[in-house]
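Let me begin by presenting the structure, written as structure tokens, before commenting on it.
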Amino acid sequence: MKTGNRCQLSILNFQLIIIIFTMLLTLGVFSQDTAISGIRHPESGIQDQVSTGAVTGIAEAPQDQGARIGRWVLVIHGGAGGPPQGSMPEEKEQQYREKLSEALSIGTAILERGGSSMEAVEAVVLFMEDCPLFNAGKGAVYNDEGVAELDASIMDGSTLMAGAVTGVTRIKNPIAAAHQVMLKTKHVLLMGEGAELFAKEQGLELVDPSYFQTPARTEQFDRMKKSQREQEMKDDRPKGTVGAVALDNMGNLAAATSTGGLMMKMKGRIGDTPIIGAGTYANNATCAVSCTGTGEYFMRNVIAYDVSALMEYRGWSLEEAANYLIHDKLKSQGGGGGLIAVDKEGNVAMPFNTNAMFRGYAKPKEGSVVEIY
Ligand code: ASP
């Protein structure tokens, strides 16, 4: 009997040990990576980093596995079009190169310190909007009534959220307004007066439309007014829309684009720039894209989204998709322009089928590169 009791007792002890061990295992005490686990957004296929502190009682954000120093990439453009190589005065070309480099260094500083791709693309585009050289913000072209009607959009590849404004004449920095539309409203695209009222409510700076009248654009407008609008719409002079795409250290992609559109466009004309999927698109599952060129072609072919779709559904590389759309599809239709893009691995594409595209990129180990032709 005594031996039987002892035997029963040790079976009980053994069972107790097994139960305690199982409980500890469940709580993750023996696991190497107790702090972080991934959650997948069904729509985007994005891996977010979240703490499982609710189970272990410890939130250990600094061990975030998503962040990788030196993963970031920034790509920018200052518009496609332009005169053939050698026909732009050297001094002018130098000015473009300097401003593109400055724009890259603004974005680089943000991404290097661990800032988000959204923060970087907004800051870069905002800087280019303030620079009269480019066809966006301060340097925007005019419609056929001599007024600058501005478009801008921004998209966050980690959430697939987007914001845009179109046909605004008084918002100093349309890209900032586009970002606020994304953050503060349930809409994607606001137009004209409503967008301006909203921007004012958000504390953004409104200016008199004359702020966008620059001597260079006024001279260009007067010259163009003398000739046929149709002919001028087709020509290859600098368009100068601006855009930026970025991958940050967390692996998040973002895209932003801003423009005055086409010089001498009809009042009320809207191009591809504020249309998500046409001029701007970002998705962590694939890539981030910003387009420039004759917007009507980019809209009809939904170019920015199509880069992503060819990657997602056909398994094409970023380079294959971007080159096909710009050099084959658009070119065969007579659609002039280009795009900049970065994929989730940090690969960069910058194809254009015009004489030139002001462009550049920066990567941690390669520094920054600026190119025009
Ligand atoms: N895509 C712009 C538009 O059509 C113009 C440009 O990129 O130069 O409005």
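Small disclaimer: the values here were computed from a predicted structure and weren't measured. Just follow the structure's listing: the first ligand is 1, and inside any ligand the first atom is 1. Basis for what follows: all heavy atoms, side chains included, without hydrogens, waters or symmetry-related copies. FYI, the numbering just counts along the sequence from 1.
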> What do you reckon, are the aromatic ring centroids of F212 and Y142 less than 6.0 Å apart?
Replying inline: no
>> Could you tell me if D306 and N301 have a donor-acceptor pair between their side chains, going purely by distance under 3.5 Å?
In response: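 Note: N301 and D306 side chains miss the donor-acceptor criterion.
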> Among the heavy atoms of G293, does any lie under 4.0 Å from an atom of ligand 1?
Replying inline: yes
> Applying a strict 4.0 Å limit to heavy atoms, is E296 in contact with ligand 1?
Replying inline: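 Per 4.0 Å heavy-atom rule, E296 does not contact ligand 1.
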> Do F352 and H327 have side chains that get closer than 4.5 Å, going by heavy atoms?
Replying inline: no
>> Are the side chains of I175 and E129 in contact, using a 4.5 Å heavy-atom criterion?
In response: yes
> Looking only at heavy atoms, is any part of R269 under 4.0 Å from ligand 1, and if so is it the side chain, the backbone, or both, or is it neither?
Replying inline: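 Answer for R269: side chain.
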At less than 4.0 angstrom from any non-hydrogen atom of [X], what atoms of ligand 1 do you find?
X	answer
T273	1 (N), 2 (C)
T241	2 (C), 5 (C), 6 (C), 7 (O), 8 (O)
T292	6 (C), 7 (O), 8 (O)

>> Can you see whether Y211 has K138 sitting over its ring - NZ or CZ less than 6.0 Å from the centre and within 45° of the normal?
In response: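 So K138 does make the cation-pi contact.
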Is there any N or O on [X] that sits under 3.5 Å from an N or O of ligand 1?
X	answer
G240	no
D272	yes
T259	no

>> Check this for me, if you would: do R223 and E219 make a salt bridge, where the nitrogen-to-carboxylate-oxygen distance has to be below 4.0 angstrom?
In response: yes
> With a 4.0 Å cut-off, would you call R97 and E90 a salt bridge?
Replying inline: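 Judged by the 4.0 Å cut-off on N to carboxylate O distance, R97 and E90 do not form a salt bridge.
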